[in-house]
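A quick write-up on the structure given underneath.
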Amino acid sequence: MDTQASMDIIALLQMRLHALNDLHLTLKHIHWNVVGPHFIAVHEMIDPQVEQVRAMTDDLAERISTLGGEPNGTPGTLVDARTWSDYSIGRAESIAHLGALDLVYTSLIEDHREAMQATETADPVTQDMLIEQLRGLELFQWFVRAHLESSGGTLSTHGATTETGAASQAVDQARDQP
């Protein structure tokens with residue numbers, strides 16, 4: 001791989017590292033702030049996701065180093081570099097957090113897919129790592145969506161464009177169901 005391709009991939013991986021570090025912190029925030037009748041189910045569902053996302057960040061950082069870069073995982077760098085806003089839900093019912101988390105996963109998965117596609121030719125090793133991470137992230141989103149879907153397959157967050165909107169839609173649908 002030439003130097004320019006390596007630098008491009010390092011920059012791409014650094015943004016994925018920021019995104020997954022942010023996800024790890026967001027998941028812990030949800031873990032600490034979830035309440036309501038399904039508290040324990042969601043509380044316990046989140047911790048394994050946290051651990052697996054932390055492992056993904058380690059893989060990304062090590063790949064950056066392998067390619068000759070210097071992974072940066074400091075909070076200030078993450079905040080300065082990110083292109084997304086902080087998670088917007090505080091203490092809330094489980095279903096509200098799950099509605100918002102669905103949007104978080106959707107955005108993160110879309111960006112991870114773009115990174116995976118961008119590495120296809122230049123670095124299939126990195127692409128393989130990103131594919132494996134996508135497998136895990138999509139599984140976690142499925143776990144979240146299982147709480148948000150009706151038996152007919154309708155997703156309560158369908159059409160939501162903000163975390164607060166998705167949270168509100170999820171709560172409304174849950175209250176309307178018997």
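Contact detail for Pro71 and Leu17: the closest heavy-atom pair is CB-CD2, 4.1 Å. Across every non-hydrogen atom of Ala96 and Val171, the tightest pair is CB-CG2, 3.6 Å.
Counting heavy atoms from C-beta on, the side chains of Tyr105 and Leu23 come closer than 4.5 Å. Counting heavy atoms from C-beta outward, Ile10 and Arg63 have side chains that stay 4.5 Å or more apart. Counting heavy atoms from C-beta outward, Ile109 and Gln141 have side chains that approach closer than 4.5 Å. Between His43 and Trp32 there is no side-chain heavy-atom pair separated by less than 4.5 Å. Between Gln14 and Leu60, the closest side-chain pair of non-hydrogen atoms is not below 4.5 Å. Side-chain contact check for Thr161 versus Leu103: every heavy-atom pair is 4.5 Å or farther apart. Leu134 has its side chain within reach of Met116: a pair of non-hydrogen atoms, C-beta onward, lies under 4.5 Å apart.
Between the side chain of Glu70 and the main chain of Ser65, no donor-acceptor pair closer than 3.5 Å is present. Under a 3.5 Å cut-off, the side chain of His31 and the backbone N or O of Val50 do not form any donor-acceptor pair. In terms of modelled atom types and a separation under 3.5 Å, the side chain of His18 and the main chain of Arg82 share no donor-acceptor contact. Distance alone, capped at 3.5 Å, is enough to place a donor-acceptor pair between the Thr106 side chain and the Asp102 backbone. No side-chain donor-acceptor contact under 3.5 Å links Ser6 to the backbone of Asp2. Between the side chain of Ser156 and the backbone N or O of Gln173 there is no donor-acceptor pair closer than 3.5 Å. Thr157 places no side-chain N or O within 3.5 Å of a backbone atom of Ala160 that could act as its donor or acceptor partner. No side-chain donor-acceptor contact under 3.5 Å links Thr154 to the backbone of Ser150.
Distance check: Asn72 CG to Leu78 CG gives 9.0 Å after rounding to the nearest 0.5 Å. For the atom pair CG (Asp59) and CZ (Arg16), the distance works out to 14.5 Å, reported to the nearest 0.5 Å. Taken to the nearest 0.5 Å, the CD atom of Glu44 stands 8.0 Å off from the CZ atom of Phe39. In this structure, Thr126 OG1 and Leu12 CG are separated by 8.5 Å, a value rounded to the nearest 0.5 Å. Atom CD1 of residue Ile40 and atom OG of residue Ser94 lie 9.5 Å apart, to the nearest 0.5 angstrom. The distance from the CD atom of Glu51 to the CG atom of Leu27 is 10.5 Å, given to the nearest 0.5 Å.
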From CA spacing to verdict: side-chain contact (heavy atoms from CB on, under 4.5 Å), Ile95, His38:
CA-CA 8 Å; Ile95 198 71; His38 303 288; over 6 Å; no
Side chain to side chain donor-acceptor pair (under 3.5 Å) between Gln4 and Asp8: does it pass, once the steps are laid out?
CA-CA 6 Å; Gln4 185 58 51; Asp8 291 345; 2.7 Å; yes
Before you tell me yes or no, could you show the steps for Ile9 and Met1 under side-chain contact (heavy atoms from CB on, under 4.5 Å), namely the whole-Å CA-CA distance, both residues' side-chain angles and the distance that decides it to 0.1 Å?
CA-CA 10 Å; Ile9 291 169; Met1 176 179 336; 3.8 Å; yes
Report the C-alpha separation of Val79 and Asp22 in whole Å, then their side-chain angles, then the decisive distance to 0.1 Å, and conclude whether the side-chain contact (heavy atoms from CB on, under 4.5 Å) test is met.
CA-CA 9 Å; Val79 170; Asp22 189 77; over 6 Å; no
Going through the distances and angles, do Leu101 and His147 end up as a side-chain contact (heavy atoms from CB on, under 4.5 Å)?
CA-CA 11 Å; Leu101 185 56; His147 294 268; over 6 Å; no
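Put simply, the residue from Leu25, Leu20, Asp58 that forms a side-chain contact (heavy atoms from CB on, under 4.5 Å) with Val53 is Leu20.
In summary, Arg113 and Glu138 engage in a salt bridge, as defined by a charged side-chain N under 4.0 Å from a carboxylate O. A salt bridge links Glu93 to Arg175: one of the charged nitrogens lies within less than 4.0 Å of a carboxylate oxygen.
Ring geometry for Tyr87 versus His29: interplanar angle over 60°, hence perpendicular rather than tilted (30 to 60°).
Listed by first and then second residue, the salt bridge (Lys or Arg N to Asp or Glu O under 4.0 Å) pairs that reach into residues 153-173 come to none, sequence neighbours excluded.
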